[in-house]
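First the structure, in the form of structure tokens, and then the observations on it.
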There are 2 protein chains.
Amino acid sequence: MDNADSIGRMPVKRDTYTPDSLLKVAVEVFIERGYDGTSMEHLSQAAGISKSSIYHHVRGKEELLRRAISRALSGLFGVLDEPAAREGRAIDRLEHVTRRTVEVLMTELPYVTLLLRVRGNTDTERWAMARRREFDQRVSELLKQAVADGDLRADVDVRLATRLLFGMINSVVEWYRPSRAGRGGAATSEEVAEAVVRTAFAGLRND
Amino acid sequence: MDNADSIGRMPVKRDTYTPDSLLKVAVEVFIERGYDGTSMEHLSQAAGISKSSIYHHVRGKEELLRRAISRALSGLFGVLDEPAAREGRAIDRLEHVTRRTVEVLMTELPYVTLLLRVRGNTDTERWAMARRREFDQRVSELLKQAVADGDLRADVDVRLATRLLFGMINSVVEWYRPSRAGRGGAATSEEVAEAVVRTAFAGLRND
DNA sequence: ATACTGCTACCGAACGATCGGTCGGTGCAA
DNA sequence: TTGCACCGACCGATCGTTCGGTAGCAGTAT
């Protein structure tokens, strides 16, 4: 769509599709119609090229799904590798992971959305689910440690608390739309992340 | 499957499918494979009758979806009609609605799951999404009133707080499995509902 | 008892449409 | 002249749905 100019002379930007730029289009359609509800014909119309041309860039429909999910997972696991997620008190690390996960969810919104909606019908989808469980597991250990430290309430089961925390975090993909980051619409990713952290850790009720 | 005996002589129970008993089978498959990922062939295998026989009981695939969603919606809206949801302080009504919504989610799990996963590809799905928004709206008004009463924290936007609350509540369908209500597995619906209420209103952090 | 009738619950075969994917090109820029 | 980005036509398979038919049973007339 946007193709302003090329600086210098090297092949800076092409007007044609790359696997990644095609992926961007495809993922949006996947989210709108669901992966199974999207046909290659739908994709070709959204991309403005013929159905068969898509196969010039990617192996097929499932590769598009795999690429999207890979991107989402690397963003998510990247959070766990950040220094603030590896050092310090468990409660502080948990808060950091929560905040950063929300931010990644929002910056990589369509890719993570796709990951969270996978049902397990194909090998690719089952792999995605397994990797996602790994991520949840890592965060769950953080919660467990924070409870042991006495920083998190112990009257709610750790597994259940993890699920509720992720329920809150992951719900972002259900309603956040990046259009209009100013007034009247959505907020910045930092603002939303802050609200999630506050609500999750301090609760809705007034003191 | 189970057909023990008939008390008396009236047509108490038949061995054949009814629209409702067929729906029960279908909805389980829909959840496992996704609605679009489920073919009538899949349904016929799960039900143990031929593909064409399904059309003897229901008009088609979409009617199964519509029936399932209707059931979910009536359960949800039923909560709003309960006395404790209509009388008293807003914060108490909100807490009641939260608790009961979780319980309905769990008792009507597959039907509500289907409702929450609808994408809007057909008229039926768009109707479902509109009705769901109505429900969210009603709860959102409760939140707004509770903030005005000074019972809920005012430093998080009401719309955002509503979404996070529903994120937590609705996440139940992602992980709750009714198998084994005793130790080692899931809990009763009252216990889970209590945990959700506590976590949502008081937060995860220890005092 | 027997035969006929009507109905319910089911079936196999087949419908046109659409699915994901393949193939043999073609236009064009380097 | 080579190779990239793209195309229309077409593939077998599968989609949701329709159709004509049938086995079994209840009710009823014979």
Side-chain angles (χ1 to χ4, degrees), chain A residues 1 3 6 8-27 29-30 32-68 114 118-119 121-125, chain B residues 1 3 6 8-27 29-30 32-68 114 118-119 121-125:
Chain A
M1 288 297 181
N3 189 20
S6 358
R9 50 177 178 76
M10 293 300 278
V12 179
K13 202 62 168 294
R14 291 280 279 103
D15 203 3
T16 59
Y17 276 113
T18 63
D20 267 9
S21 66
L22 184 60
L23 177 63
K24 189 182 170 187
V25 174
V27 165
V29 185
F30 284 159
E32 230 175 69
R33 316 185 62 97
Y35 176 73
D36 285 321
T38 302
S39 71
M40 294 305 275
E41 186 62 36
H42 289 139
L43 292 185
S44 81
Q45 283 168 16
I49 59 177
S50 77
K51 202 173 60 145
S52 54
S53 297
I54 295 176
Y55 291 87
H56 181 70
H57 301 286
V58 293
R59 285 183 168 280
K61 196 182 173 188
E62 196 167 353
E63 180 176 314
L64 287 166
L65 180 64
R66 198 174 59 249
R67 280 173 180 267
L114 219 46
V118 139
R119 302 292 340 138
N121 289 343
T122 65
D123 284 340
T124 300
E125 299 191 21
Chain B
M1 288 297 180
N3 190 19
S6 0
R9 49 178 178 75
M10 293 302 276
V12 179
K13 202 65 170 291
R14 291 280 279 105
D15 202 4
T16 59
Y17 276 113
T18 63
D20 267 9
S21 66
L22 184 61
L23 177 64
K24 190 182 169 187
V25 174
V27 165
V29 185
F30 284 159
E32 231 175 68
R33 314 185 65 98
Y35 176 73
D36 285 320
T38 303
S39 70
M40 295 304 275
E41 185 63 37
H42 289 138
L43 292 186
S44 82
Q45 282 168 15
I49 59 177
S50 77
K51 207 171 52 147
S52 55
S53 296
I54 296 176
Y55 291 86
H56 180 70
H57 301 287
V58 292
R59 286 184 168 278
K61 194 182 174 188
E62 196 167 355
E63 180 176 314
L64 287 166
L65 180 64
R66 197 174 60 249
R67 281 173 179 268
L114 218 47
V118 138
R119 302 297 332 141
N121 289 343
T122 65
D123 284 339
T124 299
E125 300 192 20

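Proteins get letters first, then strands, A, B, ... in listed order; numbering begins at 1 in each. These numbers come from the heavy atoms of this one structure, side chains and all, not from hydrogens, waters or symmetry mates.
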Rounded to whole Å, please give me the gap between [atom1] in [X] and [atom2] in [N].
X      : N       : atom1 : atom2 : answer
Q45(A) : dC7(D)  : CD    : P     : 12 Å
Y17(A) : dC7(D)  : OH    : P     : 10 Å
M40(B) : dA14(C) : CE    : P     : 20 Å
Y55(B) : dG12(C) : OH    : C1'   : 15 Å
I54(A) : dG8(D)  : CD1   : P     : 13 Å
R33(A) : dT18(C) : CZ    : P     : 12 Å
K51(A) : dG21(C) : NZ    : P     : 10 Å
I49(B) : dA23(D) : CD1   : C1'   : 16 Å

Discussion item. If you count every heavy atom of other residues, nucleotides or ligands that lies below 6.0 Å from E32(B) atom CD, does the total exceed 12?
Written reply: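 Check fails, neighbour count at 12 or below.
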For [N], does either OP1 or OP2 sit under 4.0 Å from a side-chain N or O belonging to [X]?
X      : N       : result
S50(B) : dC10(C) : no
S52(B) : dG12(C) : no
S39(B) : dT14(D) : no

Fill in: Gap separating the OG atom of S50(B) from the NE2 atom of H56(B), nearest 0.5 angstrom
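It comes to 11.0 Å.
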Item to complete: Look up atom CZ in R67(B) and atom CG in L114(B), then write down how far apart they are to the nearest 0.5 Å.
Response: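 Here the rounded value is 14.0 Å.
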Worksheet entry | 4.5 Å side-chain heavy-atom contact, I54(A) and V58(A) |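 They are in contact (side-chain heavy atoms under 4.5 Å apart), so the answer is yes.
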Worksheet item: Does the ring of Y35(A) carry K61(A) above it, NZ/CZ under 6.0 angstrom from centre and within 45° of its axis?
Response: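 Judged by the rule, K61(A) and Y35(A) form a cation-pi pair.
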Fill in: Residues within residues 56-63 of chain B bordering DNA chain C, heavy-atom distance below 4.0 Å
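Nucleic-acid contacts, sorted: H56(B), H57(B).
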Discussion item. Heavy-atom nearest nucleotide on DNA chain C for Y35(A) versus G48(B): which residue maps closer to 5'?
Written reply: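 That would be G48(B).
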Discussion item. For D123(B) versus E62(B), what's the shortest heavy-atom pair and its separation?
Written reply: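 Nearest heavy atoms, D123(B) then E62(B): N-OE2, 4.4 Å.
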Worksheet entry | E125(B) side chain vs R119(B) backbone, donor-acceptor pair below 3.5 Å |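 Answer holds: yes.
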Worksheet item: With sugar-phosphate meaning primed atoms plus P, OP1 and OP2, does T38(B) contact a base, only sugar-phosphate, or nothing at under 4.0 Å between heavy atoms?
Response: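 T38(B): backbone/sugar contact only, no base atoms under 4.0 Å.
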